[in-house]
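The model shown is predicted, which means the values in this text are computed figures rather than measured ones. Below, each value reflects all heavy atoms present in this structure, side chains not excepted, and no hydrogens, waters or symmetry copies.
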Amino acid sequence: MSQTVDRALSILPLLAEGPADLGQVAERLAVHKSTALRLLRTLHEHGLVYRQSDQRYRLGARLIALAQEAMENLDIREIAHPHLARLNEQCGHTVHLAVYEEHEVLYIDKVESRYPVRMYSRIGKPVAITVAAVAKLLLADLPEGERRVLADELDYPMYTARSTPNAPAFLKELDKVREQGWATDLGGHEESINCVAAPIRGADGKVAAAMSVSAPNVVVTADELLTLLPLVRRTADAISGEYSGRTPATQ
């Protein structure tokens with residue numbers, strides 16, 4: 001039975017490459033055509049493959065629907081939290097997780113710093129969208145046209161002298177972030193707070209969330225915080241792998 005299941009599941013990656021006829025399926029599985037046909041019929045009955053009018057098979061709508069449903073039910077916060085907690089244990093600083101929803105970037109998880117000086121941020125609170133490192137990552141991944149429209153619609157409050165002053169400067173920063181694959185906020189929202197952030201990507205390669213490490217100058221300097229960037233990026237990559245299904249969950 002396990003061999004039959006293995007063979008049936010092996011058909012799906014083949015059809016993901018494009019439609020294939022019975023002969024191609026049998027050849028890929030190294031089985032007789034009659035065996036391949038039985039497997040295809042079973043998958044067809046469950047809606048996982050579909051036989052076209054030219055007698056070739058492709059992935060079925062049921063499989064696509066199941067994949068979409070699974071993606072929608074994935075809780076990125078649940079997947080990310082153990083990684084965020086480990087990162088916090090390693091560096092001791094505040095760790096945030098954020099997503100882009102309804103034209104806002106929102107914190108959806110936070111692990112507090114071990115140091116007495118705490119950041120004023122809370123889960124569910126929108127971030128300062130024009131300066132926050134997590135916001136830069138999430139917005140930089142939007143299509144160019146959408147980025148430009150959004151940039152023109154935003155206000156640009158000067159929280160500090162380092163805040164983003166206008167739409168052209170914001171778009172330039174997003175281009176830089178998009179190219180380098182990480183972002184910073186070095187005193188752009190609060191003069192004494194610095195932040196480094198990295199993207200979390202889904203199975204489609206798009207940025208699904210962003211995570212960051214933040215700390216006040218009285219605890220570490222901006223240069224010292226930047227030395228944590230490789231660790232932050234490795235953590236984001238680990239979450240991306242688990243969220244996208246490329247790697248198994250860590251214990």
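- A donor-acceptor pair under 3.5 Å links the side-chain atoms of T160 to the main chain of G187, judged by distance alone.
- The shortest heavy-atom contact between S10 and P13 is O-CD, 3.3 Å.
- Side chain of E78 to main chain of D75: no donor-acceptor pair is present (N/O by atom type, distance under 3.5 Å, no hydrogens or angles).
- In this structure the side chain of R148 reaches within 4.5 angstrom of the side chain of L171, judged on heavy atoms.
- For A208 against I76, the heavy-atom pair with the smallest separation is CB-CD1, 4.1 Å.
- Side-chain atoms of T42 come within 3.5 Å of backbone N or O of R38 as a donor-acceptor pair.
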Task: Chi angles and distances behind the side-chain contact (heavy atoms from CB on, under 4.5 Å) call for L106, K125 - done: CA-CA 6 Å; L106 306 169; K125 179 181 175 63; over 6 Å; no
Task: Evaluation steps, side-chain contact (heavy atoms from CB on, under 4.5 Å), between Q52 and R58 - done: CA-CA 7 Å; Q52 302 177 159; R58 61 170 172 80; 3.2 Å; yes
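- Side chain of H32 to backbone of S34: a donor-acceptor contact under 3.5 angstrom is found.
- When hydrophobic clusters are built by joining Ile, Leu, Val, Met, Phe, Trp and Tyr residues whose side-chain heavy atoms come closer than 4.5 Å, directly or via intermediates, L142 is not grouped with V131.
- To the nearest 0.5 Å, atoms CD1 (I108) and CD1 (I123) are separated by 8.5 Å.
- Among all heavy-atom pairs drawn from K136 and V177, the shortest one is O-CG1, 3.9 Å.
- Looking at S240, its side chain does come within 3.5 Å of a backbone N or O of A236 through a donor-acceptor pair.
- Put simply, the side chain of V99 does not reach to within 4.5 Å of the side chain of V105, judged on heavy atoms.
- At a threshold of 4.5 Å between side-chain heavy atoms, the hydrophobic network of Ile, Leu, Val, Met, Phe, Trp and Tyr places M158 and L154 in two separate groups.
- Taking the ring centroids of H93 and Y115, they lie under the 6.0 Å cut-off.
- Between the side chain of R201 and the backbone N or O of K206, no donor-acceptor pair lies under 3.5 Å.
- Remark: the backbone N or O of G188 is paired with a side-chain donor or acceptor of S163 at under 3.5 angstrom.
- For the pair L97/Y107, no side-chain contact is recorded, criterion being any heavy-atom separation below 4.5 Å from C-beta on.
- Looking only at side-chain heavy atoms (C-beta outward), S214 and N194 stay at 4.5 Å or farther from each other.
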- [ ] Please step through side-chain contact (heavy atoms from CB on, under 4.5 Å) for the pair F170 and L139, ending with a clear verdict.
- [x] CA-CA 10 Å; F170 189 52; L139 300 183; 3.7 Å; yes
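- Residues Y57 and D21 have side chains not in contact (no heavy-atom distance under 4.5 Å, counting atoms from C-beta outward).
- Residues L15 and V49 are in side-chain contact: their nearest non-hydrogen atoms beyond the backbone lie under 4.5 Å apart.
- Taken together through direct or relayed side-chain contacts under 4.5 Å among Ile, Leu, Val, Met, Phe, Trp and Tyr, L231 and I239 form part of one hydrophobic cluster.
- Looking at every heavy atom in both residues, A8 comes nearest to L39 through CB-CD2, 4.1 Å.
- Checking side-chain atoms of D155 against main-chain N and O of P157 turns up no donor-acceptor pair under 3.5 Å.
- The local environment of CD in E179 is sparse, with at most 12 non-hydrogen atoms from other residues, nucleotides or ligands closer than 6.0 Å.
- Taking CG of L48 as the reference point, atom CG of L59 lies at 9.0 Å (rounded to 0.5 Å).
- Relative ring orientation between Y159 and H189 is described as perpendicular, the plane-to-plane angle rising above 60° on a 0-90° scale split at 30° and 60°.
- L186 and C195 make their closest contact through CD2-O, 4.3 Å (heavy atoms, listed as atom of the first residue, atom of the second, distance).
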- [ ] Begin with the C-alpha distance, continue with both residues' side-chain angles, and end with the deciding distance and a verdict on salt bridge (charged side-chain N to carboxylate O under 4.0 Å, His left out) for R162 and D185.
- [x] CA-CA 9 Å; R162 296 181 179 180; D185 169 15; over 6 Å; no
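- The salt bridge (Lys or Arg N to Asp or Glu O under 4.0 Å) search around R178 returns none, not counting sequence neighbours.
- Heavy-atom neighbours of Y50 OH from other residues, nucleotides or ligands within 6.0 Å: at or below the threshold of 12.
- In this structure, the separation between CE on M211 and CG on L137 is 10.5 Å, given to the nearest 0.5 Å.
- With T164 contributing its side chain and T130 its backbone, the two residues share a donor-acceptor pair below 3.5 Å.
- Residues Y156 and V149 do not share a hydrophobic cluster, clusters being chains of Ile/Leu/Val/Met/Phe/Trp/Tyr side chains in contact below 4.5 Å.
- I129 is not listed as a side-chain neighbour of E104, based on a closest heavy-atom distance of 4.5 Å or more.
- Side-chain atoms of T235 do not come within 3.5 Å of backbone N or O of H83 as any donor-acceptor pair.
- Legend: residues meeting side chain to side chain donor-acceptor pair (under 3.5 Å) with E112, ordered by chain and number and at least two apart, are K110.
- Between atom CD1 of residue I79 and atom CG of residue L84 there is a gap of 11.5 Å, rounded to the nearest 0.5 Å.
- No continuous path of ILVMFWY side-chain contacts below 4.5 Å connects L226 to V134, so the two sit in separate hydrophobic clusters.
- The two residues V127 and A135 come nearest to each other via the heavy atoms CG2-CB, 4.0 Å.
- Taking CD from E27 and CG from L14, the interatomic distance works out to 10.0 Å, rounded to the nearest 0.5 Å.
- Using a 4.5 Å heavy-atom cutoff, the side chains of D109 and H96 are not in contact.
- Within a 6.0 Å sphere centred on CZ of R51, heavy atoms belonging to other residues, nucleotides or ligands number 12 at most.
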TODO: Given salt bridge (charged side-chain N to carboxylate O under 4.0 Å, His left out), test R28 with E17 step by step and report yes or no.
DONE: CA-CA 12 Å; R28 174 67 69 90; E17 299 171 8; 3.4 Å; yes
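- A salt bridge links D54 to R56: at least one charged side-chain nitrogen sits closer than 4.0 Å to a carboxylate oxygen.
- Between R41 and E45, no side-chain nitrogen of the basic residue sits less than 4.0 Å from a carboxylate oxygen of the acidic one, so the salt-bridge criterion is not met.
- Put simply, CG on N88 and NE2 on H81 are 9.0 Å apart, with the number rounded to the nearest 0.5 Å.
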